[in-house]
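Quantities reported herein were computed from a predicted structural model and do not represent experimental measurements. Whatever order the structure lists them in is the order used to number ligands and atoms, beginning at 1.
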Amino acid sequence: MMKNNSPKHNNEKYEVRDTQSIELLKELHILTRDGKMNQDSRRKLKQVFHLVQFIEPIINDISQQQQRFNLVDFGAGKSYLGFLLYDLVAKHLVHPFQIIGIELRDDLVQYSKKLAQQIHFEHMLFYQLNTQEALVSPDLPQQIDIVTALHACNTATDDAIDFALHRNVPHIVIVPCCQAELAGLLKENKSQVLKNNYFSALWKFPIHTREFGSHLTNVMRCLFLESCGYEVTVTELVGWEHSMKNELIIAKKLQSSNKSQKASEQLKHLLLEFNLESLAPRFKINL
Ligand SMILES: C[S@@+](CC[C@H](N)C(=O)[O-])C[C@H]1O[C@@H](n2cnc3c(N)ncnc32)[C@H](O)[C@@H]1O
């Protein structure tokens, strides 16, 4: 009897849906050439697939309220997220849509363009831009409904948030990457702060500096979003055994211009307490 190598039958937790493009999955090396699940891709697939499950209801909600939707993915890399969102969700919609990848590396942009063309994913666009250039790029549509950033390096996540705020984007879904900037500032100010701040024990050792810097960064990002009128939820994306960069931040613009004064105050106090005054402009805080 012939062995069935289709991923549905090989006891993988991730099941390929009948409507999914097998060609896409092979091109992204999620499936091997002979159609088996590629073990090396399982970790990435799990993260992206989970993220798609969080974004799918947002897209469905938008589609019930309006006739089209546009999503911009920052630090898109090989655009796994964009391709899977297209394949699993967007292609089933009756309304037009665009999924746009912003990526610094031209080779990755060319790769994604070629693949989208090959598999006829016509509503995907890719731009070789850094995240700050995206802010002023005339190529991006006026109306953007969702901004995503999956492991966009360091401050590229902040640029994605900045972009979303400038363009009044109602939905932001980010999974931050490592964040070195704040840990660097904590380290720089360590000797000064150690003298008069008991909390400095939180980042005395280098590994704590890094982890605390990362944690504090994400806390401040959430407060910033709240202070700008977003409702924020934070959860883990997948189990910690799959990724250390696992924090999923989902922000939804509130209907009323309900900017949280409390969040703004908390943000201000964190900046002052941890000698991070230089970051005040980023978070639009007057000290
Ligand atoms: C860790 S990878 C993640 C890629 C993809 N989102 C994923 O999860 O597979 C980060 C990507 O962000 C890109 N990147 C880093 N800084 C960027 C910036 N300032 N503007 C645009 N892309 C950036 C890098 O080139 C890289 O492809």
salt_bridge(Glu181, Arg282) N-O dist < 4.0 Å: yes

Audit row: Arg33, Glu27, salt bridge (charged side-chain N to carboxylate O under 4.0 Å, His left out) steps and yes/no: CA-CA 9 Å; Arg33 282 281 144 221; Glu27 287 297 336; 3.7 Å; yes

Single hit among Leu51, Ile146, Val52, Val48 for side chain to side chain contact (heavy atoms under 4.5 Å, CB included) with Leu85: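 Of the listed options, the one satisfying the test is Val52.
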
Distance, nearest 0.5 Å, that separates CG of Asp61 from CZ of Phe69: 12.0 Å

Give one line per pair: atom of ligand 1, protein atom, distance. Only N/O to N/O under 3.5 Å.
| residue | atom | partner | partner atom | Å |
| --- | --- | --- | --- | --- |
| ligand 1 | 6 (N) | Gly75 | O | 2.8 |
| ligand 1 | 6 (N) | Leu150 | O | 2.8 |
| ligand 1 | 8 (O) | Lys44 | NZ | 2.8 |
| ligand 1 | 8 (O) | Leu150 | O | 3.3 |
| ligand 1 | 9 (O) | Lys44 | NZ | 3.0 |
| ligand 1 | 19 (N) | Thr131 | OG1 | 3.3 |
| ligand 1 | 20 (N) | Thr131 | N | 3.0 |
| ligand 1 | 22 (N) | Leu104 | N | 3.2 |
| ligand 1 | 25 (O) | Glu103 | OE2 | 2.6 |
| ligand 1 | 27 (O) | Glu103 | OE1 | 2.8 |
| ligand 1 | 27 (O) | Glu103 | OE2 | 3.1 |

Nearest non-hydrogen partners of Val169 and Lys253, listed with the distance: O-CB, 4.5 Å

Shared hydrophobic cluster, Phe199 / Leu276 (ILVMFWY, side-chain heavy atoms < 4.5 Å):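 They do share one cluster, since a chain of ILVMFWY contacts under 4.5 Å joins Phe199 to Leu276.
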
